[in-house]
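Predicted, not measured: the structure shown is a model, and the values here were computed from it. Chain A is the first sequence line, chain B the second, and so forth, proteins listed ahead of strands; every chain is numbered from 1.
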Protein chains: 2
Amino acid sequence: MSEVQSETAVGPEERDVTELVLQDILTGMLPAGTWLKQIDLERRYDCTRPEVRRALDRLSQKRLVAHVPNRGYHVYQPDDRNAKEVGDIRVILETAVADMMVANATSDSIATLRGLARYFDEMTLTGTILEHYEANLAFHRELLLLGGNQALVDLVSEIRQRTSSAPVSQWRTRARIEKSGREHHMMIDALEARDAEELKRLIALHIRQPADTPK
Amino acid sequence: MSEVQSETAVGPEERDVTELVLQDILTGMLPAGTWLKQIDLERRYDCTRPEVRRALDRLSQKRLVAHVPNRGYHVYQPDDRNAKEVGDIRVILETAVADMMVANATSDSIATLRGLARYFDEMTLTGTILEHYEANLAFHRELLLLGGNQALVDLVSEIRQRTSSAPVSQWRTRARIEKSGREHHMMIDALEARDAEELKRLIALHIRQPADTPK
DNA sequence: GTATCATAAATTGGCGCCAATATTGGTAAC
DNA sequence: GTTACCAATATTGGCGCCAATTTATGATAC
């Protein structure tokens, strides 16, 4: 019956339920297609019914879960077409500000990026899936920030969640994770060398990588 | 006391409250800064308390209204910086697929666009603010559709709502409305002439126009 | 006359109950 | 033995009440 089994050992939960469900979807704890029964979530996250409903409504607005009236909510099944399209959008947005990123890069910001890239590498070895995921986010966020468009940074963060509903499959092989880590450093190199074209090339490659991989 | 006065003569309302509030914000009936008291909205749209709250929560997620805990919700006050940034994002996204639009344009699609452009012109004279707004949306949607990226069309529709919180000020002079109408036709001309560069130039001009205008 | 505090009114927001609907399991008929 | 129908159960989702917090008002002291 209950589609949600795994109990994340919760202490006294103070955080927002939406975030918690989001994390569990992003980390693959709630696989695509899973029916999210309100009673299960209520118990799983130790919260009330209205909180669960608000979270589900928000996530369905974000297209992360699908809502079938009188049937319930289930984790969205990402289709390949949409995934490719969103990838294209990310390439468009992130390469568009590459020139600005090169222009705005200082030795300070490059040092910060190096730190974040290294932190990502560390988390590959020692961190949880979530920590690893967030380390990746932090790096890209800091990089994008150099573009000088805060709204763009936020937007990319948003649409990033829109297809990475299957993040596990993206990062499933260690080889690919390590390749991503190396690419981070290569991007910083391009930034240091003030080579905007190379940076664009690397960004496009980096984003499309998970999608273009043969099954 | 009550910040919301105007009563839109409602019959038996069957539609979603979120859409109704959204429309009233977009059409300027609920100006920026207006406090959205739950009781007022309840009466205004003839709906229940939970419906109002769900609508307000959704709109705050979309950044259209701001939420102050224990104080309430109010229509978001758009700041110039964000407006400029979102404008830049739109230019990036919409010009990025200009080549594809030129490549995919058929005589059929051009005829459809002509129709929509003419419909926009009609609504300038005879339509309501909402009809006019939606006619504009329909034209740009159809144009973007030629880019072949459905996710991008949806995304642009979304971020479009994010700054046009002051649509009234955008369209306040008839001269500018008519200029927009002419630009629509010029875009179609460029499409017909297979001139992608000119199309990009026109799109950038068309989007930035409302923002660049001197006060 | 003005500032401050206490009291009262209003508004937000959390919580639980109950009706409507879908699903499952059992039973009977063919 | 299989299928169709019906009853029982479980789940969703709408609705209203009440506590907590904030804001407005009026009275009192300086």
Quiz prompt | Residue closer to the 5' end of DNA chain C, B/V68 versus A/R49 (nearest nucleotide) | solution = B/V68
Exercise. Measure the distance from NZ on A/K37 to P on D/dT9 and round it to the nearest whole Å.
Key: 17 Å
Quiz prompt | Degree of bending in the helix from C/dG1-D/dC30 to C/dC30-D/dG1 once both end axes are built from five pairs, to 10° | solution = 0°
Quiz item: To the nearest Å, how far apart are A/H74 NE2 and D/dT12 P?
Solution: 13 Å
Quiz prompt | Residue list, side chain to side chain contact (heavy atoms under 4.5 Å, CB included) with B/N104, at least two apart or on another chain | solution = B/M100
Quiz prompt | A/E42 CD to D/dA10 P, straight-line distance once rounded to whole Å | solution = 16 Å
Exercise. Choose from D/dG13, C/dT23, C/dG13 the nucleotide whose nearest atom is closest to any side-chain atom of A/R71.
Key: C/dT23
Practice problem: Among the candidates C/dT11, D/dG14, C/dG16, find the nucleotide nearest to the side-chain atoms of A/R53. | Solution: D/dG14
Exercise. Figure out the CG/C1' separation between A/D40 and D/dA10, and round it to whole Å.
Key: 12 Å
Quiz item: A/N70 side chain: which of C/dC15, C/dT21, C/dT11 is closest?
Solution: C/dT21
Practice problem: Consider the side chain of B/P50, meaning its heavy atoms from C-beta on, and name the nucleotide among C/dG13, D/dG13, D/dC15 that approaches it most closely. | Solution: D/dC15
Quiz item: Which residues satisfy the side chain to side chain donor-acceptor pair (under 3.5 Å) test with B/R141, sequence neighbours excluded?
Solution: B/D154, B/S157
Quiz prompt | B/I39 side-chain proximity, nearest of D/dT23, D/dC15, C/dT11 | solution = C/dT11
Exercise. For A/Q38 and C/dC18, give me the distance from atom CD to atom C1', rounded to whole Å.
Key: 15 Å
Quiz item: Expressed in angstrom and rounded to an integer, what is the separation of A/R54 atom CZ from D/dG13 atom P?
Solution: 17 Å
Quiz item: Cut-off 3.5 Å, side chains only: do A/H184 and A/H206 have a donor facing an acceptor?
Solution: yes
Quiz item: Where the side chain of A/H67 is concerned, which of C/dT11, D/dG13, D/dT12 is the nearest nucleotide?
Solution: D/dG13
Practice problem: Give the rounded distance in Å between these two atoms: CD of A/E51 and P of C/dG13. | Solution: 14 Å
Quiz item: OP1, OP2 of C/dC15 versus side-chain N and O of A/T48: anything below 4.0 Å?
Solution: yes
Practice problem: Identify the residue among B/I207, B/N136, B/V86 that makes a side chain to side chain contact (heavy atoms under 4.5 Å, CB included) with B/R160. | Solution: B/N136
Exercise. Go through the structure and list residues passing side chain to side chain donor-acceptor pair (under 3.5 Å) with A/R90, not counting sequence neighbours.
Key: A/E94
Exercise. Not counting sequence neighbours, which residues clear side chain to side chain contact (heavy atoms under 4.5 Å, CB included) with B/R53? List them please.
Key: B/Q38, B/R49
Exercise. Report the distance from atom CH2 of B/W35 to atom P of D/dT22, rounded to the nearest whole Å.
Key: 13 Å
Self-check item: Contacts of type side chain to side chain donor-acceptor pair (under 3.5 Å), residue A/S109, not counting sequence neighbours
Solution: A/T106
